[in-house]
Amino acid sequence: MDAGPLALSMIGHNYLSHKASDVAEVVEKVGEVVRSGDMTLGAELGRFEAEFAEYIGVKHAIGVASGTDALFLALKVLGVEGGEVITSPMTFYATVGAIIQAGARPVFADIGADLNIDPACVAKRIGAATRAIVPVHWAGRPANVHELDGFDLPVLEDAAQAVGATLNDKRCGSLGDLGAFSLHPLKNLHVWGDGGVVTTDDDSYAERIRLLRNHGLSDRDTWEVSGYNSRLDTVQAAVARHYLSGISDVNATRLVIASGYRSQLQDVQPVSFPENAPGAISSYHLFVMLAERRDELRDYLRANGVDAKIHYPKAIHLQPALGKFGFMAGDLPAYEAALKKVISLPVHEFMGAAEVLRVCELVKTFFR
Ligand SMILES: *Cc1c(COP(=O)(O)O)cnc(C)c1O
């Protein structure tokens, strides 16, 4: 397949084959790491961490094995074990999985009109057992982290979908006490496999994360604490550095596509868009809108060659994995209502104006 715009007959979410155009260049960089033999916590990882920290605007970035591990290790460092962690239900399962892995009980606060955690709802969920708050920048749209500052609890941002997104000119991952990023192949910034990054300005958090990701070894011969094997591979750091150099272009293109969708669909009454927090600029990992007759619309778009998706069709608090926590239908009214309407239109840096126009024409035709 060539690396040109996607064929009109297939407007999809998965665009990874288009990225193959620069494969030789990246392989060359990976080859340099392999030839150097510097494979574990190598110099190239240090370079990626320094560049990523600078990009996000924090003192420390620590490469780990996945976005899930970034959340997990940050929660470990925050000492949440035995307590409760408040998070948003509008997220991927890994946010909640990491909370459980870290030995805490997940508590959901309902969402606001921005589809992100509602600070007013967080206030009601805080109790003596609360150890931390984990806002999720869902779809890449910044959650209003400023309004969580007043609770005097540590804030860990799940920024897995929000690399490069900003709130009042500060990047997601620099707004709370800690930030967690994913480098999964479908995220805006990615490696060729799994990877993640923890960001923080706090020296002692950073030091603890570095310790825990490498077995708890403070040096080769001193086993300080029992830790984990959760390093970002040095070969993957070479891949991450390559794509980091292009992330601003990736995000800028996604922003253009998203504003195309918004302006062309603004008069379509059965469609609406989530509000953005004041001063927020999204990374548009996903383009999510709310639509009447959502399932029919999805089927219509798919039948016409547009890979519209539902993130996610089933409520997270009612999933079997969370059965033991006893959540009930009706616990999270705003979230449960939004789940019936959310639909994700394709958005990625290999789409052009013609594809955006075609998707919008189909949505308009459907509702006409
Ligand atoms: C992708 C994602 C994760 C998990 O990241 P992995 O790298 O796949 O482990 C966590 N939270 C959110 C919101 C995500 O989108």
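As the structure lists them, so they are numbered: ligands from 1, and atoms in each ligand from 1.
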At a 4.0 angstrom heavy-atom cut-off, ligand 1 is contacted by Ser66, Gly67, Thr68, Leu71, Thr91, Phe92, Ala94, Thr95, Val136, Asp158, Ala160, Gln161, Ser182, Lys187, Gly195
Show me, pair by pair, the donor-acceptor contacts under 3.5 angstrom made by side chains of residues 156-163, not counting sequence neighbours?
{"residue": "Glu157", "atom": "OE1", "partner": "His137", "partner atom": "NE2", "Å": "2.8"}
{"residue": "Glu157", "atom": "OE1", "partner": "Gly173", "partner atom": "N", "Å": "2.6"}
{"residue": "Glu157", "atom": "OE2", "partner": "Gly173", "partner atom": "N", "Å": "3.2"}
{"residue": "Glu157", "atom": "OE2", "partner": "Ser174", "partner atom": "N", "Å": "3.4"}
{"residue": "Glu157", "atom": "OE2", "partner": "Leu175", "partner atom": "N", "Å": "2.8"}
{"residue": "Glu157", "atom": "OE2", "partner": "Gly176", "partner atom": "N", "Å": "2.7"}
{"residue": "Asp158", "atom": "OD1", "partner": "Ala160", "partner atom": "N", "Å": "3.1"}
{"residue": "Asp158", "atom": "OD2", "partner": "Thr95", "partner atom": "OG1", "Å": "2.7"}
{"residue": "Gln161", "atom": "OE1", "partner": "Ala139", "partner atom": "N", "Å": "2.6"}

Contacts table for residues 37-49: side-chain donor-acceptor under 3.5 angstrom, sequence neighbours left out:
{"residue": "Asp38", "atom": "OD2", "partner": "Ala43", "partner atom": "N", "Å": "2.8"}
{"residue": "Glu44", "atom": "OE1", "partner": "Arg47", "partner atom": "NE", "Å": "2.9"}
{"residue": "Glu44", "atom": "OE1", "partner": "Arg47", "partner atom": "NH2", "Å": "2.9"}
{"residue": "Glu44", "atom": "OE1", "partner": "Arg241", "partner atom": "NH1", "Å": "3.1"}
{"residue": "Glu44", "atom": "OE2", "partner": "Arg241", "partner atom": "NH1", "Å": "3.2"}
{"residue": "Glu49", "atom": "OE1", "partner": "Arg210", "partner atom": "NH1", "Å": "3.3"}
{"residue": "Glu49", "atom": "OE2", "partner": "Gly63", "partner atom": "N", "Å": "2.7"}
{"residue": "Glu49", "atom": "OE2", "partner": "Arg213", "partner atom": "NH1", "Å": "2.8"}

Do any side-chain atoms of residues 108-117 form donor-acceptor pairs under 3.5 angstrom with protein atoms, and if so which ones, sequence neighbours left out?
{"residue": "Asp110", "atom": "OD1", "partner": "Tyr335", "partner atom": "N", "Å": "2.9"}
{"residue": "Asp110", "atom": "OD2", "partner": "Ala334", "partner atom": "N", "Å": "2.8"}
{"residue": "Asp114", "atom": "OD1", "partner": "Asn116", "partner atom": "N", "Å": "2.9"}
{"residue": "Asn116", "atom": "OD1", "partner": "Trp138", "partner atom": "N", "Å": "3.1"}
{"residue": "Asn116", "atom": "ND2", "partner": "Arg141", "partner atom": "O", "Å": "2.9"}

Verify, without hydrogens or angle tests, whether Arg131 (side chain) and Ala129 (backbone) share a donor-acceptor contact under 3.5 angstrom. yes
With a 3.5 Å distance limit and no angle check, can you tell me whether Glu336 reaches the backbone of Leu332 through a side-chain donor-acceptor pair? yes
Measure the CG-CZ distance between Leu255 and Phe287 for me, rounded to the nearest 0.5 Å. 11.0 Å
